[in-house]
Protein chains: 2
Amino acid sequence: MKQSLSETCYKFFSTLANPTRLAIVELLRDSPRNVTEISQILNQEQSMISHNLQRLDECRFIFSEQRKKKRFYSLNKETMEPLLKLFTYHSEKYCPTGGKCLNKNNLQKRKLREASDPLYLAHQ
Amino acid sequence: MKQSLSETCYKFFSTLANPTRLAIVELLRDSPRNVTEISQILNQEQSMISHNLQRLDECRFIFSEQRKKKRFYSLNKETMEPLLKLFTYHSEKYCPTGGKCLNKNNLQKRKLREASDPLYLAHQ
DNA sequence: TTTTCATATGATTAATATTTCATATGATGG
DNA sequence: CCATCATATGAAATATTAATCATATGAAAA
């Protein structure tokens, strides 16, 4: 019996609809990392990162591997690279100034938007 | 000054991370519809559909056109078709039974999951 | 086999997003 | 222009999701 599209699809997109998880994805784009490393680089609580890694893992956006005491997470590039490319293409074509896809009501107010966020700084 | 990837990207995915909006997307995949039609087919309040259409419109996932008294919304297929294909490919490869991408904690409990939901029925 | 480093888990609290309801605005035919 | 159909808007009420904190579990070196 086939899964409802709306349900699986909702899980797919909602897992990506989170600044912390997007920051993790961006970080893992460069290289695999263990949990402690990720939490240090993103300057967030270990347990918070762990919770979010699990969400990404459930959808197989990332894979994990135990190496000695540490568990390394890596990006599922097969899915994530085309997905991020599609996003980039769309946003450059349809939201060139950011104004089209963003308005004052939709600004992110969470921690990762703050100045301490490496991604926020990296992509200004 | 380039927009922060995390912020625009968050808007992109969070706009799609909603069962009502996914249902609208699915509906518009077949043909353009006006607001009243959409709300009747999905059996939801007109104002609720209207709010959600605006979210989709802000991200240019849909386009709109006034025809006489009615406003028709149509899908941005350039973006949405490859995006949905990518989702389908991923979910079939990595979440074949639904079990990998879904667990008991992540079941949707909203209206559109209920038996009256045409999408839910259509994709069982 | 115990200590330490590393990660995961669960429940509570805090933050955000969505729906709803009442009403305003828009378009157009009469 | 007035009536009416059609859609949009805003604020309040609900519902959902995320972060936090305390603690449990796991892996391996000593």
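Note that these values count all heavy atoms, side chains included, but never hydrogens, waters or copies made by symmetry. Every chain is numbered from 1, with letters handed out A, B, ... down the list of sequences. As the structure is a computational prediction, the values presented were derived from the model and not from experiment.
Checked by distance alone, A/K69 brings no side-chain donor or acceptor within 3.5 Å of a matching partner on the base of C/dT7. No hydrogens or angles were tested; on distance alone, nothing pairs the side chain of B/T36 with the base of D/dC5 as donor and acceptor under 3.5 Å. With hydrogens and angles ignored, no donor-acceptor pair closer than 3.5 Å exists between the side chain of B/Q46 and the base of D/dA6.
For B/C9 against A/L84, the heavy-atom pair with the smallest separation is SG-CD2, 4.4 Å. Taking each heavy atom of B/S64 and B/R71 in turn, the nearest pair found is OG-NH1, 2.6 Å.
Contact check, B/R55 against C/dA17: no side-chain N or O comes under 4.0 Å of OP1 or OP2. Regarding contacts with the backbone of D/dA18, every side-chain N or O of B/Y10 stays at 4.0 angstrom or more from both OP1 and OP2. Distances shorter than 4.0 Å separate none of the side-chain N or O atoms of B/R67 from OP1 or OP2 on D/dA6. Contact annotation: A/R71 side-chain N/O to D/dA27 OP1/OP2 distance is not under 4.0 Å. An OP1 or OP2 oxygen of C/dT19 is reached within less than 4.0 angstrom by a side-chain nitrogen or oxygen of B/T20. For A/N34, no side-chain nitrogen or oxygen approaches OP1 or OP2 of C/dC5 to under 4.0 Å. For A/N52, a side-chain nitrogen or oxygen approaches OP1 or OP2 of D/dA19 to under 4.0 Å.
Atom CG in B/N43 sits about 15 Å away from atom C1' in C/dT20, given to the nearest Å. To the nearest angstrom, C1' of C/dT7 lies 8 Å from CD of A/Q66. Computed from coordinates, the B/E45 CD to C/dT20 P distance equals 6 Å when rounded to whole Å. Between the CG atom of B/L53 and the P atom of D/dT9 there is a distance of 12 Å, rounded to whole Å. B/F72 has its CZ atom 11 Å from the C1' atom of D/dA6, to the nearest Å. Remark: P of C/dA17 and NZ of B/K11 are 11 Å apart, rounded to the nearest angstrom. Rounded to whole Å, atom P of C/dA17 lies 12 Å from atom CD of B/E58. The distance between atom CE of B/M48 and atom C1' of D/dA12, rounded to the nearest whole Å, is 17 Å.
The side-chain ring of B/H51 is stacked on the base of D/dT9, judged by centre separation under 5.5 angstrom and plane angle under 30 degrees.
Using a 4.0 Å heavy-atom cutoff across all strands shown, B/S14 reaches no nucleic acid atom at all. Note on B/Y73: only backbone sugar-phosphate atoms sit closer than 4.0 angstrom, heavy atoms only; bases stay farther off.
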### Message
Evaluate B/F61 against B/F12 for ring pair (Phe, Tyr, Trp, His ring centres under 6.0 Å), listing each step before the verdict.
### Response
CA-CA 9 Å; B/F61 292 137; B/F12 183 94; 5.1 Å; yes
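Side-chain proximity of A/K68 to C/dT19, D/dA28, D/dT20: nearest is D/dA28.
Salt-bridge annotation for A/E37 and A/K70: absent, with no side-chain N of the basic residue lying under 4.0 Å from a carboxylate O of the acidic one.
Atom CZ of B/R33 is separated from atom CG of B/L53 by 13.0 Å, given to the nearest 0.5 angstrom.
Side-chain contact between A/F87 and B/T8 is present, with heavy atoms from C-beta onward closer than 4.5 Å.
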